[in-house]
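Order of the sequence lines sets the chain letters (A, B, ...), proteins ahead of strands, with each chain counted from 1. Note: hydrogens, waters and symmetry copies are ignored here, and every other heavy atom, side chains too, is used.
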Number of protein chains: 2
Amino acid sequence: MNSLPHSPDDLLALDPAAQDLLFRAAHTAHTFTDEPVTEEQIEAVHRLVRWAPTAVNGQPLRGVLVRSEQARERLLPHLSPKNQEKTRRAPLVAVLAADLDFHEELDRLVPFLPGASALFADQAVRRQVAVHNAYLQIAYLTIGVRAAGLAAGPMGGFDAPAVTKEFFPDGAHEALVVMNIGRPGPDAFHPRAPRLEFAEVFSTV
Amino acid sequence: MNSLPHSPDDLLALDPAAQDLLFRAAHTAHTFTDEPVTEEQIEAVHRLVRWAPTAVNGQPLRGVLVRSEQARERLLPHLSPKNQEKTRRAPLVAVLAADLDFHEELDRLVPFLPGASALFADQAVRRQVAVHNAYLQIAYLTIGVRAAGLAAGPMGGFDAPAVTKEFFPDGAHEALVVMNIGRPGPDAFHPRAPRLEFAEVFSTV
């Protein structure tokens with residue numbers, strides 16, 4: 001593992017070990033060990049990160065956990081060449097998608113907002129809210145995978161329409177990210193790439 | 001604060017106090033105390049969460065920290081009525097946006113991928129990548145605000161084109177979320193709304 005780019009931050013309430021686990025020592029992994037990732041581990045990650053916020057509590061993220069060799073072979077041809085090899089060897093691969101009909105669950109998810117699903121009657125608006133909030137949840141999931149002591153390798157380099165058709169054939173989902181999950185293997189991490197400074201990201205008015 | 005919906009999870013490497021701080025005991029806040037949120041606190045949050053991954057390390061999130069009363073008065077009319085009052089009283093308000101020209105920084109951010117910015121020559125593709133990855137970063141920021149012991153109140157209920165024009169007038173940004181930040185005040189939290197179960201979100205193949 002690379003050396004830590006900064007020491008833990010006294011202005012934060014989160015303890016230094018957790019800062020390292022989730023952000024500072026964590027890297028996107030490009031190789032993995034053979035150690036399996038169990039269904040129970042992913043369920044524990046879900047139980048943690050599901051509490052994080054989404055618009056109107058809509059929770060549009062859906063995922064297919066690719067475990068069988070048969071399912072993996074259905075996925076691999078749709079990945080960019082450079083992503084194929086690492087995905088072939090990852091203990092677990094998750095295909096992460098937005099449920100474009102997430103509004104159908106709103107009566108149950110926001111019982112205090114009766115009729116909330118009508119806010120999303122427009123299909124274009126609904127699709128946008130689904131995709132944007134699924135991305136929020138993909139970020140929460142990435143942090144959650146790290147909270148389980150695992151490494152995540154989220155990838156955007158794939159044929160999204162083909163993967164959607166293969167793993168979410170109902171026409172009501174949109175595949176967004178393929179994520180490899182496992183324990184980091186040898187040379188798992190690329191050197192840390194530069195990050196923007198505070199003053200480049202935020203201004204104050 | 002509400003009681004915790006679940007006890008800490010032994011399958012996770014993250015310590016139970018951190019699980020609570022970031023996810024389980026954390027809620028979207030609707031009221032805040034008067035305690036100021038300093039520039040140094042937000043900078044510490046940034047220094048932590050900037051290490052989380054984005055596509056091609058593009059880091060498209062930009063933010064305006066609304067501190068002056070004058071700036072706040074420019075923001076409030078564009079929020080939904082129910083969001084106006086809580087935003088009026090939040091110690092700090094951040095307007096979070098995607099930099100639609102994030103690709104201009106890629107020579108610096110991915111020096112190992114020369115010419116990466118050419119991947120984003122198409123404006124529609126670039127806008128989509130900018131917005132999607134800014135949402136990832138908004139989620140990281142939400143977790144980071146909680147890591148600082150603060151509560152976040154992210155809101156989508158506002159006139160996004162008007163807020164973009166007011167706070168990012170260069171035409172190269174898109175406002176996505178307005179986030180109140182501070183210490184939770186009296187009755188800050190709504191009751192915990194239901195979350196989807198593991199089997200409703202994930203299937204295994």
Distance (rounded to the nearest 0.5 Å) between Phe167(B) CZ and Ser203(A) OG
10.0 Å
Is it the case that atom CG in Asp170(A) sees more than 12 heavy atoms from other parts of the structure closer than 6.0 Å?
yes
Identify which of Gln41(A), Glu40(A), Glu39(A) forms the greatest number of heavy-atom pairs closer than 4.5 Å to chain B.
Glu39(A)
How about Asp122(B): does its CG atom have over 12 heavy atoms from other parts shown lying under 6.0 Å from it?
yes
Contact winner vs chain B - Val201(A), Val49(A), Asn133(A), heavy-atom pairs under 4.5 Å
Val201(A)
Chain B heavy atoms under 4.5 Å from Ser68(A): which part of the residue, side chain, backbone, both or neither?
both
Between Leu65(B) and Val205(A), is there a side-chain heavy-atom distance shorter than 4.5 Å?
no
Proximal to chain B - members of residues 140-147 of chain A, heavy-atom separation under 4.5 Å:
Tyr140(A), Leu141(A), Thr142(A), Ile143(A), Arg146(A), Ala147(A)
Is the shortest heavy-atom distance from the side chain of Leu136(B) to the side chain of Leu136(A) under 4.5 Å?
no
Are the side chain of His46(B) and the backbone N or O of Ala199(A) linked by a donor-acceptor pair below 3.5 Å?
no
If every non-hydrogen atom of Ala18(B) is compared with every non-hydrogen atom of Ala18(A), which pair is closest and at what distance?
CB-CB, 3.9 Å
Note: vs chain B, highest number of non-hydrogen pairs under 4.5 angstrom among Arg74(A), Glu43(A), Arg72(A), Glu200(A) is Glu43(A)
Leu21(A) versus chain B, heavy atoms under 4.5 Å apart: side chain, backbone, both or neither?
side chain
Of the backbone (N, CA, C, O) and the side chain (C-beta and beyond), which part of Gln137(A) lies under 4.5 Å from a heavy atom of chain B, both, or neither?
neither
Can you tell me how far the CZ atom of Arg47(B) sits from the CG atom of Leu12(A), to the nearest 0.5 Å?
8.0 Å
Electrostatic pair Arg50(A):Glu197(B) at N-O distance under 4.0 angstrom
yes
Could you check which of Gly149(A), Ala148(A), Pro60(A), Ala71(A) has the highest count of heavy-atom pairs closer than 4.5 Å to chain B?
Ala148(A)
Within-4.5 Å side-chain heavy-atom neighbours: His132(A) and His132(B):
yes
Using a heavy-atom distance cut-off of less than 4.5 Å, which residues of residues 90-110 of chain B contact chain A?
Leu96(B), Arg108(B), Leu109(B)
Does any part of the side chain of His27(B), heavy atoms only, come nearer than 4.5 Å to the side chain of Trp51(A), both counted from C-beta?
no
Atom group of Gln70(B) that falls short of 4.5 Å from chain A, counting heavy atoms
neither
Against chain B, work out which of Ala134(A), Ala152(A), Ala52(A), Ala55(A) has the most heavy-atom pairs shorter than 4.5 Å and name it.
Ala52(A)
Looking only at non-hydrogen atoms, find the nearest pair between Asn57(A) and Arg195(B) and report the distance.
OD1-NH1, 3.2 Å
Does some side-chain heavy atom of Thr204(B) sit less than 4.5 Å from a side-chain heavy atom of Val64(A)?
no
Can you say whether Val129(B) sits under 4.5 Å from chain A via the side chain, the backbone, both, or neither, judging by heavy atoms?
neither
Within-4.5 Å side-chain heavy-atom neighbours: Arg62(A) and Phe202(B):
no
Can you tell which of Thr28(A), Thr54(A), Asp15(A) has the highest number of heavy-atom pairs within less than 4.5 Å of chain B?
Asp15(A)
When the 4.5 angstrom heavy-atom criterion is applied to Pro111(A) and chain B, the contacting part is side chain
Could you give the distance from CG (Leu11(A)) to CG (Leu48(B)), rounded to the nearest 0.5 Å?
11.5 Å
Mind running side-chain contact (heavy atoms from CB on, under 4.5 Å) on Ile42(B) and Phe198(A) for me, showing each step along the way?
CA-CA 9 Å; Ile42(B) 301 302; Phe198(A) 180 66; 3.7 Å; yes
Could you give the distance from CG (Leu22(A)) to CG (Leu22(B)), rounded to the nearest 0.5 Å?
6.5 Å
